[in-house]
K.L.:
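I have a structure I would like to understand better, so I am pasting it below and will then ask my questions one at a time.
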Amino acid sequence: MLKVVNSLNIQTGHHCLFSGLRHLLVSERPELDARAAEADIYFESDGLNLEYNGDLSTMWLASQETIIEQFAASYGLRAQYTFEISPNVLDVFREILLENRAVLVFMRSPYLDYHAVFRDGAERNHILLLYGIDEAGKTAFVADTSFLDVSGQTLSYSGPLSLEHVLAGVWGYAWVEADPSLSPPPTEAQRFERAVDNIRRFLGHHNLPSGRFQGLEAYRAYVEDWRRLMDVSPSEFTETCKNMYYCLRVGGMMHQLDYFEMFIGRHQDRIRNWDELARRLTENRNNWKKSLYQLYKIGLCVQPHKLEALQDRYFSMLRAQGEWLEAFVDSSNH
């Protein structure tokens, strides 16, 4: 049996990727445990920059590779990753674990049988930490640091998972290591500026080739395309609305707002007009939460006639979010 036992204190996070990255960071550089925050990692690594490509069922992270690279650069780490799985992946996992390092594993959710939300839900991508292997017992030891149950409660899991399931469901993996030969990592002030730069870029217009959009423009294009749902079958309408809810709730706007709440709370001394920004953020967050519930309900009840009014509400919320982001960037420029 092979297990990582050094500096791997599993804690419940807010998003499987950014919580997982924080666990890798603290495992590799335990002296940062008290100062490294998941929300900081999200903004420093450009996690808010989603991409939409015209498929109403999907709006997700623009580039996991870029996120991993920016994360590593922010903390003086060397990152290695691949999204092309070779037949010898178990050998690779063994070698990483032998160095007392955990592996960030990108998985397909049907292979995660430790909770009903995965066993009974639609297939999606999810991210775990692999911290042990028992080849004789055909068992892997994994930590799922953040997932939502059907009620929306954030949960975590640490324990066994079939090694066969891990090897069948993995579609990518990454790990990091501290490297003294690298340049000194950015200071906390420099990382804050990196985060603000990423937020400023998110506000720009990113209309890419092949009908792709990134940044806040991706949200606008996504909501605009909801008009296409007026003529689909009832079953397709319900399924697409559920996926739209999932993209905005789990991968998109709600996580962005949650992380902003944490981020500006941590960096009050760097932000002018903090109180006013916090008030407006709370108002935006409450509006999005209620509107997401309405989207889910419209989908379940198959009420396409209500979608246009909801669409207008979403456009209004996106304008408010853009104005808030502009104010935040302006207040962060000293």
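Heavy-atom basis, side chains included; hydrogens, waters and symmetry copies ignored. Residue indices begin at 1 and follow the sequence shown.
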K.L.:
Output all residues satisfying side chain to side chain donor-acceptor pair (under 3.5 Å) with Ser146, sequence neighbours left out; order by chain, then residue number.
P.N.:
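Partners of Ser146 under the side chain to side chain donor-acceptor pair (under 3.5 Å) test: none.
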
K.L.:
Using 0.5 Å steps for rounding, measure from the OH atom of Tyr314 to the CZ atom of Arg319.
P.N.:
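Between Tyr314 OH and Arg319 CZ, I get 14.5 Å after rounding to 0.5 Å.
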
K.L.:
Side chains of Gln294 and Ile298, heavy atoms from C-beta outward: is any pair under 4.5 Å?
P.N.:
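In short, these two side chains touch, coming nearer than 4.5 Å.
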
K.L.:
Measure the OG-CZ distance between Ser45 and Arg191 for me, rounded to the nearest 0.5 Å.
P.N.:
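Result: 12.0 Å between the selected atoms.
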
K.L.:
Taking atom types as modelled, is there a side-chain donor on Arg194 or Ser74 under 3.5 Å from an acceptor on the other?
P.N.:
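Judged by distance alone, the side chains do pair up.
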
K.L.:
Is it the case that the side chains of Tyr157 and Thr145 hold a donor-acceptor pair, with the cut-off being a distance below 3.5 Å and no angle test?
P.N.:
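No, Tyr157 and Thr145 have no side-chain donor paired with an acceptor closer than 3.5 Å.
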
K.L.:
With side chains defined as the heavy atoms from C-beta onward, is the minimum distance between Tyr75 and Ile41 less than 4.5 Å?
P.N.:
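Yes. Closest side-chain heavy atoms under 4.5 Å.
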
K.L.:
What I'd like to find out is whether the side chain of Leu97 reaches to under 4.5 Å of the side chain of Arg101, using heavy atoms alone.
P.N.:
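Not in contact.
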
K.L.:
Taking the six-membered ring for Trp, is the centroid-to-centroid distance between Phe260 and Phe328 below 6.0 Å?
P.N.:
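Ring centroids of Phe260 and Phe328 are less than 6.0 Å from each other.
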
K.L.:
Taking Val89 as the starting point, is it possible to reach Leu2 by hopping between hydrophobic residues whose side chains are less than 4.5 Å apart?
P.N.:
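Looking at the clustering, Val89 is in the same group as Leu2.
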
K.L.:
Compute whether any side-chain donor of one residue and acceptor of the other, for Asp258 and His15, lie under 3.5 angstrom apart.
P.N.:
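No donor-acceptor contact under 3.5 Å links the two side chains.
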
K.L.:
Hey, does the Lys NZ or Arg CZ of Lys3 hover above the aromatic six-ring of Phe141, less than 6.0 Å from the centre and inside 45° of the axis?
P.N.:
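Ring-cation test returns yes.
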
K.L.:
Would you give me the side-chain donor-acceptor pairs under 3.5 Å for residues 276-284, sequence neighbours excluded?
P.N.:
residue: Glu276; atom: OE1; partner: Arg279; partner atom: NE; Å: 3.2
residue: Glu276; atom: OE2; partner: Arg279; partner atom: NH2; Å: 2.7
residue: Arg279; atom: NH1; partner: Glu283; partner atom: OE1; Å: 3.4
residue: Thr282; atom: OG1; partner: Ala278; partner atom: O; Å: 3.1
residue: Asn284; atom: ND2; partner: Gln321; partner atom: OE1; Å: 3.3

K.L.:
Strictly below 4.0 Å, N to O, side chains only: are Arg35 and Glu188 in salt-bridge contact?
P.N.:
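No.
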
K.L.:
Which value, rounded to the nearest 0.5 Å, describes the distance between Lys297 atom NZ and Leu310 atom CG?
P.N.:
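One finds 12.0 Å between NZ of Lys297 and CG of Leu310.
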
K.L.:
Without placing hydrogens or testing angles, list every side-chain donor-acceptor pair under 3.5 Å for residues 77-84, not counting sequence neighbours.
P.N.:
residue: Arg78; atom: NE; partner: Asp179; partner atom: OD2; Å: 2.7
residue: Arg78; atom: NH2; partner: Asp179; partner atom: OD2; Å: 2.4
residue: Gln80; atom: NE2; partner: Glu177; partner atom: OE2; Å: 3.4
residue: Tyr81; atom: OH; partner: Glu69; partner atom: OE2; Å: 2.2
residue: Thr82; atom: OG1; partner: Glu84; partner atom: N; Å: 3.1
residue: Thr82; atom: OG1; partner: Glu84; partner atom: O; Å: 3.3

K.L.:
Counting only N and O atoms by type, is there a donor-acceptor contact under 3.5 Å from the side chain of Arg272 to the main-chain atoms of Asp330?
P.N.:
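Yes, Arg272 side chain to Asp330 backbone: donor-acceptor pair under 3.5 Å.
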
K.L.:
Please assess Arg212 against Glu51 for the test salt bridge (Lys or Arg N to Asp or Glu O under 4.0 Å), listing each intermediate value before the final yes or no.
P.N.:
CA-CA 7 Å; Arg212 294 160 47 230; Glu51 179 169 311; 2.9 Å; yes

K.L.:
Have Glu38 and Tyr259 got a donor and an acceptor in their side chains that come within less than 3.5 Å?
P.N.:
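Yes.
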
K.L.:
Group every Ile, Leu, Val, Met, Phe, Trp and Tyr by side-chain heavy-atom contacts under 4.5 Å, then state whether Val150 and Met244 land in the same group.
P.N.:
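Different clusters.
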
K.L.:
How long is the gap from CG on Leu248 to CD on Gln256, to the nearest 0.5 Å?
P.N.:
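Leu248 atom CG to Gln256 atom CD measures 11.0 Å (nearest 0.5 Å).
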
K.L.:
Side chains of Leu130 and Tyr173: closer than 4.5 Å at any heavy-atom pair?
P.N.:
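The answer is no; the side chains never approach within 4.5 Å.
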
K.L.:
Quick one, Arg22 and His14 - any side-chain contact, counting heavy atoms below 4.5 Å?
P.N.:
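No, their side chains stay 4.5 Å or more apart.
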
K.L.:
Could you check whether Tyr222 and Phe213 have their ring centres less than 6.0 Å apart?
P.N.:
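No, they do not, as the ring centres are separated by 6.0 Å or more.
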
K.L.:
Should Arg227 and Glu224 be marked as a salt bridge (Lys or Arg N to Asp or Glu O under 4.0 Å) after you check the CA-CA gap, both sets of side-chain angles, and the distance that decides it?
P.N.:
CA-CA 6 Å; Arg227 304 184 194 282; Glu224 178 68 32; 2.9 Å; yes

K.L.:
When you group the ILVMFWY residues by side-chain heavy-atom contacts below 4.5 Å and let the links chain together, are Leu24 and Leu182 in the same group?
P.N.:
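No.
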
K.L.:
If you measure from CG on Leu48 to CZ on Phe263, what distance do you get to the nearest 0.5 Å?
P.N.:
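Leu48 atom CG to Phe263 atom CZ measures 10.5 Å (nearest 0.5 Å).
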
K.L.:
Between His23 (side chain only) and Ser19 (backbone N and O only), is there a donor and an acceptor less than 3.5 Å apart?
P.N.:
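Side chain of His23 to backbone of Ser19, a donor-acceptor pair under 3.5 Å: yes, one is there.
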
K.L.:
Can you find a heavy atom in the side chain of Trp175 that is under 4.5 Å from one in the side chain of Leu104?
P.N.:
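Side-chain contact under 4.5 Å: no.
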
K.L.:
Would one find more than 12 heavy atoms of other residues, nucleotides or ligands at under 6.0 Å from atom CD of Gln190?
P.N.:
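More than 12 within 6.0 Å, yes.
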
K.L.:
Step by step, would you call Thr58 with Tyr52 a side-chain hydrogen bond (donor to acceptor under 3.5 Å, both in side chains)?
P.N.:
CA-CA 7 Å; Thr58 307; Tyr52 173 59; over 6 Å; no

K.L.:
Between Tyr219 and Met253 (side chain of the first, backbone of the second, donor and acceptor by atom type, cut-off under 3.5 Å), is there such a pair?
P.N.:
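Between the backbone of Met253 and the side chain of Tyr219 there is a qualifying donor-acceptor contact (under 3.5 Å).
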
K.L.:
Under 6.0 Å from the OH atom of Tyr293, do we count more than 12 heavy atoms belonging to anything else shown?
P.N.:
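No, OH of Tyr293 has 12 or fewer neighbouring heavy atoms, counting only those of other groups under 6.0 Å.
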
K.L.:
Does the side chain of Asn49 come within less than 4.5 Å of Asn198's, by heavy atoms?
P.N.:
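A side-chain contact under 4.5 Å is absent here.
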
K.L.:
Between Asp149 and Gly152, is there a donor-acceptor pair closer than 3.5 Å when you use the side chain of the first and the backbone of the second?
P.N.:
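Indeed, once roles are kept as given, a pair shorter than 3.5 Å links the two residues.
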
K.L.:
Mind checking the CZ-CD spacing from Arg228 to Glu236? Nearest 0.5 Å is all I need.
P.N.:
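CD of Glu236 is found 9.5 Å from CZ of Arg228.
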
K.L.:
Given side chains that start at C-beta, do those of Leu229 and Thr240 come closer than 4.5 Å, heavy atoms only?
P.N.:
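Yes. Closest side-chain heavy atoms under 4.5 Å.
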
K.L.:
I want to check a possible cation-pi pair here: Arg124 against Tyr246, using under 6.0 Å from ring centre and within 45° of the ring axis as the test.
P.N.:
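Yes, Arg124 lies over the aromatic ring of Tyr246.
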
K.L.:
Do side-chain atoms of Thr139 reach the backbone of Asp134 as a donor and acceptor pair under 3.5 angstrom?
P.N.:
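Not confirmed, Thr139 side chain does not pair with Asp134 backbone.
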
